[in-house]
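Computed from heavy atoms alone, side chains included, the values below leave out hydrogens, waters and symmetry copies. This one's a predicted model, so the numbers in the text were calculated from it and none came from an experiment.
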Amino acid sequence: MTEVRPLRLLTVTPRYLPEMGGVERHVHEVTTRLAARGVQVRVLTTDRSGTLPRHARDLEVDVRRVRARPAGRDWLFAPGLPAAMREGSWDIVHVQSYHTAVAPLAMRTARRMGLPYVVTFHGGGHSQALRHNSRPLQRRILAPLLRGADRLVAVARFEIEQYGAELGVPESRFALIPNGVDLPELPADQRPPAPDPAKPVVASVGRLEAFKGHRRVIEAFPLVLEQLPGAHLWIAGTGPDEPHLRALAQRLDIAERVEIRAVPATDRLAMARALTQTSLVTLLSAFETHPIAALEALSLGRPLLVGEGSGAGELADRGLARAVAAGATPAQVADAIVRELADPLVPQDLDLPTWDDCAAALHALYADVLAARSACAS
């Protein structure tokens with residue numbers, strides 16, 4: 001009897017744990033689960049600092065890093081990437097995120113190696129307006145390589161519609177595989193008391209970047225306090241915009257009502273406990289694809305207020321959240337927060353995907369790609 005060898009997957013991504021962000025979290029969740037399903041997985045990523053180990057393990061996943069430059073920027077030019085991709089024998093390459101120099105180099109190398117490759121966009125935004133506004137140009141430049149992918153993976157439906165039109169790629173070439181949710185149920189003895197309506201806790205979630213919308217919530221909060229003097233704001237995250245956020249709260253004389261604190265992404269019980277203690281979760285980001293923190297809040301029955309457009313607005317379109325216009329004033333944001341606290345939208349009978357669902361869908365996608373390649377070759 002012939003032994004069936006495991007599928008050999010090379011996932012190429014700009015950054016990986018312990019660096020934190022939505023893509024890093026996504027890749028960790030799916031690759032560790034694929035490895036648990038018997039896939040031989042290597043994550044190939046970069047290191048700008050030169051301080052991270054070149055070889056590491058994340059559960060059953062082999063992690064390799066190559067040096068990227070410049071050290072202080074996120075362009076991630078990694079000339080050692082092609083050679084590192086050739087270290088090993090792979091059935092398929094999965095390129096996660098298209099925003100940096102990693103993606104075109106990985107796609108071009110996979111093509112030269114004769115390997116099938118798939119790409120997940122992870123649309124995302126950027127704190128620099130020039131970088132954010134140049135995304136469509138970046139996709140047009142990458143169009144030949146993206147069209148050459150065996151499949152394109154979207155985590156939100158708008159990516160299929162928008163990017164498909166831009167690239168001239170039919171919907172059939174895309175696979176919609178959303179992010180998952182995996183917060184554990186809190187044991188009865190660890191469940192915190194329900195939030196006090198007289199002292200509501202409003203959370204603004206997401207990495208501390210200028211485009212993530214935390215500034216909008218802080219600017220609105222003095223007006224929230226005029227109507228709800230006992231309110232408290234928790235900025236839940238870490239990132240480069242933290243000094244600005246602290247200075248803004250100080251300037252508005254609400255620093256004692258604003259807490260900036262991150263919960264380790266790997267401590268799922270702590271995250272579940274912290275979100276359960278909130279009265280309202282906000283995500284007023286200028287651009288999101290399929291926000292994990294927002295999904296986690298919904299899974300815990302927390303009402304959600306999001307910015308219009310992109311993937312966060314898609315949640316509002318589905319009736320899972322309420323939305324604030326992109327150009328809303330601080331007074332309008334404050335009114336939306338107060339209204340949501342008074343009359344929260346809490347969707348019932350949620351059917352959110354899990355990370356196991358996400359990993360299983362990717363596993364099936366790889367099998368389809370390899371079968372199609374095999375059929376073409378025969």
When the side chains of residues 105-117 are checked against the rest of the protein, which donor-acceptor pairs come out under 3.5 Å, sequence neighbours left out?
unit_1	atom_1	unit_2	atom_2	d
Thr109	OG1	Leu105	O	2.7
Arg111	NH2	Pro144	O	3.4
Tyr117	OH	Leu145	O	2.6

Going through the distances and angles, do Arg64 and Glu87 end up as a side-chain contact (heavy atoms from CB on, under 4.5 Å)?
CA-CA 10 Å; Arg64 303 289 178 97; Glu87 293 177 0; 3.9 Å; yes
Pairs of donor and acceptor atoms involving the side chains of residues 219-232, under 3.5 Å and at least two apart or interchain, shall be tabulated with distances.
none

Please evaluate residues Arg48 and Leu76 with respect to the criterion side-chain contact (heavy atoms from CB on, under 4.5 Å), reporting the C-alpha separation (whole Å), side-chain torsions for both, the decisive distance (0.1 Å), and the verdict.
CA-CA 7 Å; Arg48 292 171 292 176; Leu76 302 184; 3.3 Å; yes
Do the side chain of Arg191 and the main chain of Leu186 share a donor and acceptor less than 3.5 angstrom apart?
yes
Any chance you could lay out the side-chain contact (heavy atoms from CB on, under 4.5 Å) test for Leu10 and Ile92, step after step, and finish with the verdict?
CA-CA 6 Å; Leu10 178 65; Ile92 191 166; over 6 Å; no
Hey, is the main chain of Thr51 close enough, under 3.5 Å, to the side chain of Ser49 for a donor-acceptor pair?
yes
Of all residues at least two apart in sequence or in a different chain, which pass the side chain to side chain donor-acceptor pair (under 3.5 Å) check with Thr120?
His94
Output the distance between atom CH2 (Trp90) and atom CZ (Arg8), rounded to the nearest 0.5 Å.
8.5 Å
Is it true that a side-chain atom of Arg139 and a backbone atom of Glu166 form a donor plus acceptor pair closer than 3.5 Å?
no
Are side-chain heavy atoms of Arg261 and Ile235 found at a separation under 4.5 Å?
no
Step by step, would you call Leu9 with Gln40 a side-chain contact (heavy atoms from CB on, under 4.5 Å)?
CA-CA 6 Å; Leu9 166 68; Gln40 180 183 321; over 6 Å; no
Under 3.5 Å, is there a donor-acceptor pair between the His122 and Gln96 side chains?
yes
Determine whether a donor-acceptor pair (N or O, by modelled atom type, separation under 3.5 Å) exists between the side chain of Asp182 and the backbone of Trp355.
no
Do Leu208 and Val263 belong to the same hydrophobic cluster, where Ile, Leu, Val, Met, Phe, Trp and Tyr are linked whenever their side-chain heavy atoms lie under 4.5 Å apart, directly or via other members?
no
For salt bridge (Lys or Arg N to Asp or Glu O under 4.0 Å), just list the numbers for Arg251 and Asp253, CA-CA rounded to whole Å, side-chain angles, deciding distance to a tenth of an Å, and then say yes or no.
CA-CA 5 Å; Arg251 188 166 67 249; Asp253 199 26; over 6 Å; no
When rounded to the nearest 0.5 Å, the distance separating CZ of Arg273 from CG of Leu300 is 12.0 Å
How long is the span from the CG atom in Leu142 to the CZ atom in Phe121, to the nearest 0.5 Å?
9.0 Å
Any chain of hydrophobic side-chain contacts (each under 4.5 Å) joining Val23 to Val205?
no
Just wondering, do Glu60 and Val41 contact through their side chains at under 4.5 Å, heavy atoms?
no
Salt bridge Asp91-Arg5, side-chain N to carboxylate O under 4.0 Å
yes
Any Glu308 side-chain heavy atom under 4.5 Å of Val324 side chain:
no
Would you say Arg15 and Thr45 are linked by a side-chain donor-acceptor pair, where the criterion is simply a distance under 3.5 Å?
no
Quick one: are Leu176 and Ile160 in side-chain contact, heavy atoms under 4.5 Å?
yes
Under 4.5 Å between any side-chain heavy atoms of Glu159 and Phe174, yes or no?
no
Do Val201 and Ile218 share a hydrophobic cluster, counting only Ile, Leu, Val, Met, Phe, Trp and Tyr and linking them when any side-chain heavy atoms are less than 4.5 Å apart?
no
With heavy-atom distances below 4.5 Å as the criterion, would you say the side chains of Val118 and Leu152 are in contact?
no
salt_bridge(Glu296, Arg268) N-O dist < 4.0 Å
yes
With sequence neighbours left out, write down each residue that passes side-chain contact (heavy atoms from CB on, under 4.5 Å) with Pro53, or none if nothing qualifies.
Ala56, Arg65
Please, which pairs that meet side-chain hydrogen bond (donor to acceptor under 3.5 Å, both in side chains) have at least one residue in residues 312-327, sequence neighbours excluded?
Arg322-Glu340
Cluster question for you: counting only ILVMFWY and a side-chain heavy-atom cut-off of under 4.5 Å, with indirect links fine, are Leu304 and Leu350 together?
yes
Ignoring hydrogens and geometry, is there a side-chain-to-backbone donor-acceptor pair from Arg173 to Arg147 under 3.5 Å?
yes
Can you check whether Ala371's main-chain N or O pairs, donor with acceptor, with Ser374's side chain at less than 3.5 Å?
no
I'd like to know if the side chain of His26 pairs up with that of Asn179 as donor and acceptor (distance under 3.5 Å, no hydrogens or angles considered).
yes
Verify the distance criterion only: is there a donor paired with an acceptor across the side chains of Glu288 and Ser285 at less than 3.5 Å?
yes
Report the distance from atom CD of Gln138 to atom CG of Leu146, rounding to the nearest 0.5 Å.
9.5 Å
Indicate yes or no for a side-chain donor-acceptor contact from Thr46 to the backbone of Pro14 under 3.5 Å, with no hydrogens or angles considered.
yes
Close side-chain approach of Leu183 to Met271, heavy-atom, < 4.5 Å:
yes
Side-chain donor-acceptor contacts of residues 27-39 below 3.5 Å, not counting sequence neighbours, with atom names and distances?
unit_1	atom_1	unit_2	atom_2	d
His28	ND1	Asp58	OD2	2.6
Glu29	OE1	Arg33	NH1	2.5
Glu29	OE2	Arg25	NE	2.8
Glu29	OE2	Arg25	NH2	3.4
Thr31	OG1	Val27	O	2.6
Thr32	OG1	His28	O	2.7
Thr32	OG1	Glu29	O	3.3
Arg33	NE	Asp356	OD1	3.0
Arg33	NH1	Glu29	O	3.2
Arg37	NE	His363	ND1	3.0

Any heavy-atom pair between the side chains of Val93 and Val12 that's under 4.5 Å?
yes
For Ala262, is there any backbone N or O sitting under 3.5 Å from a side-chain donor or acceptor partner on Thr238?
no
In one Ile/Leu/Val/Met/Phe/Trp/Tyr side-chain cluster, 4.5 Å: Leu81, Val95:
yes
Test Arg215 against Asp241 for salt bridge (Lys or Arg N to Asp or Glu O under 4.0 Å), laying out the working first.
CA-CA 9 Å; Arg215 299 182 187 188; Asp241 206 37; 2.7 Å; yes
Using modelled atom types and a 3.5 Å cut-off, is there a donor and acceptor pairing between side-chain atoms of Asp357 and backbone atoms of Thr354?
yes
